[in-house]
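Numbering of ligands and ligand atoms starts at 1, following listing order.
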Amino acid sequence: MPLKGTVRMSDNAIGIFDSGLGGLTAVKELIKVLPHENIIYFGDTARVPYGNKSRRTIIRYAEQDADFLLSRGVKMIIAACGTVSSVAVNLKDELPVPFTGVVAPTALAAANATKSGRIGVIGTSATVNSGSYKNALLRLDSSFSVFQQDCPLFVSLVENSFISPDDDIVKLVVERYLHSLKEQHIDTLILGCTHFPIIAEAISDYLEGKVTLIDSGRETALFAAGILEEHKLLNRSTEPGACRYYVSDTVEDFRRTAEIFLGKNVGSEVSHINLEHAFVH
Ligand code: DGL
């Protein structure tokens with residue numbers, strides 16, 4: 001038993017980061033799956049989007065994001081970002097705490113869900129160009145037919161609160177990007193960027209509800225719970241966990257969209273942090 005007053009590592013928060021709001025899809029699910037865990041979220045809203053940046057830049061940003069979370073004493077890090085998970089593939093080896101990205105858990109869920117073996121993958125340009133999900137799927141079953149499409153404007157739609165399935169702009173962009181995937185008669189679609197579940201309804205409507213959507217945020221939250229259990233790092237508190245959100249740009253836009261998305265007011269839980277000054281690699 002730890003001495004009274006000492007802090008157990010398991011009491012520490014789970015650290016989650018993304019380039020912006022998208023990682024909230026993982027936070028939402030983590031709160032459901034692990035309601036007693038404390039969570040520290042970092043959204044790099046000053047530098048979003050990551051998905052059209054070079055490999056070198058994405059890796060540098062990912063290292064800075066992880067450093068920030070480590071400076072807050074987190075017990076685990078989740079890269080709730082398809083782009084980082086696809087490009088900064090060595091980040092895991094550099095960290096002193098357990099880590100997961102989104103690619104492996106999401107690919108596994110898609111492989112389990114598909115019946116026809118025809119699977120679509122949508123993500124940022126960096127994610128699609130890396131072939132990360134496609135390779136992970138083909139490693140699971142080489143007979144799968146995988147169709148990829150990058151949808152970079154989806155990130156901007158979400159970051160700018162264009163998320164209603166009834167919004168004409170949302171409908172138009174969804175149709176433009178998903179038109180050719182629809183013709184491939186996929187039965188499963190990986191939302192390979194954590195921003196995309198926020199417009200899942202518009203995507204599902206366009207695909208006439210016929211395609212199973214795999215939410216990378218949700219699958220990763222479930223996977224992370226398994227990792228914590230394996231490392232005996234689950235918080236044993238019976239109190240609801242606390243969430244703190246940090247963003248690198250102004251807090252107002254984040255507050256507004258986070259509230260719509262998480263269904264609760266996160267006003268006082270959001271702070272600004274200047275990452276460029278805090279960690280320069
Ligand atoms: N949520 C990030 C991802 O999963 C968005 C990427 C971006 O910033 O372009 O890829």
Side-chain angles (χ1 to χ4, degrees), residues 15-30 41-66 68-69 77-89 91 99-107 109-110 120-136 148-163 173 177 189-200 203 213-221 223-224 245-249 253-254 257-258 261-262 275:
I16 307 185
F17 73 90
D18 179 42
S19 55
L21 283 154
L24 293 177
T25 56
V27 171
K28 191 177 181 183
E29 296 303 324
L30 260 186
Y41 182 83
F42 174 64
D44 197 3
T45 50
R47 303 190 294 195
V48 69
Y50 283 9
N52 54 8
K53 304 222 162 45
S54 70
R55 198 173 162 272
R56 200 185 154 115
T57 299
I58 294 166
I59 291 172
R60 181 163 57 88
Y61 286 178
E63 287 172 349
Q64 291 173 347
D65 300 346
F68 168 68
L69 292 173
I77 291 183
I78 302 173
C81 176
T83 306
V84 166
S85 310
S86 299
V87 174
V89 289
L91 185 61
F99 168 86
T100 183
V102 298
V103 173
T106 309
V121 176
I122 54 174
T124 63
S125 303
T127 296
V128 165
N129 291 339
S130 78
S132 57
Y133 287 102
K134 184 172 183 176
N135 294 337
Q148 303 191 98
Q149 174 66 53
D150 60 340
C151 308
L153 283 179
F154 284 0
V155 176
S156 303
L157 287 178
V158 170
E159 289 291 329
N160 291 287
S161 305
F162 285 87
I163 56 180
V173 179
Y177 281 138
L189 177 64
I190 289 182
L191 307 181
C193 168
T194 49
H195 279 68
F196 297 0
I198 299 177
I199 53 165
I203 294 171
L213 303 185
I214 307 293
D215 175 338
S216 50
R218 192 179 113 80
E219 298 309 327
T220 304
F223 193 75
Y245 303 90
Y246 293 90
V247 290
S248 52
D249 203 352
D253 287 347
F254 183 87
T257 312
F261 185 65
L262 294 173
L275 208 61

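Paired with T83 under the rule side chain to side chain donor-acceptor pair (under 3.5 Å), one option of N52, T194, T124 passes, and it is T124.
Checked against side chain to side chain donor-acceptor pair (under 3.5 Å), S248 has the following partners two or more places apart in sequence or in another chain: D44. Judged as a side-chain contact (heavy atoms from CB on, under 4.5 Å), and not counting sequence neighbours, the contacts of A79 are F17, V84, S85, F99. The salt bridge (charged side-chain N to carboxylate O under 4.0 Å, His left out) search around D18 returns none, not counting sequence neighbours.
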I'd like the atom pairs linking ligand 1 to the protein - N or O on both sides, separation under 3.5 Å - with distances to 0.1 Å.
from	atom 1	to	atom 2	distance (Å)
ligand 1	1 (N)	D18	OD1	2.9
ligand 1	1 (N)	D18	OD2	3.3
ligand 1	1 (N)	T194	OG1	2.8
ligand 1	1 (N)	H195	ND1	2.6
ligand 1	4 (O)	G82	N	2.5
ligand 1	4 (O)	T194	N	2.9
ligand 1	4 (O)	T194	OG1	3.4
ligand 1	8 (O)	S19	OG	2.6
ligand 1	8 (O)	Y50	N	2.7
ligand 1	9 (O)	Y50	N	3.2
ligand 1	9 (O)	G51	N	2.7
ligand 1	10 (O)	G82	N	3.3
ligand 1	10 (O)	T83	N	3.0
ligand 1	10 (O)	T83	OG1	2.6

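The aromatic rings of Y50 and Y61 lie tilted to each other, with the angle between the two planes from 30° to 60°. By the 30° and 60° cut-offs, the orientation of the rings of F68 relative to Y246 is perpendicular.
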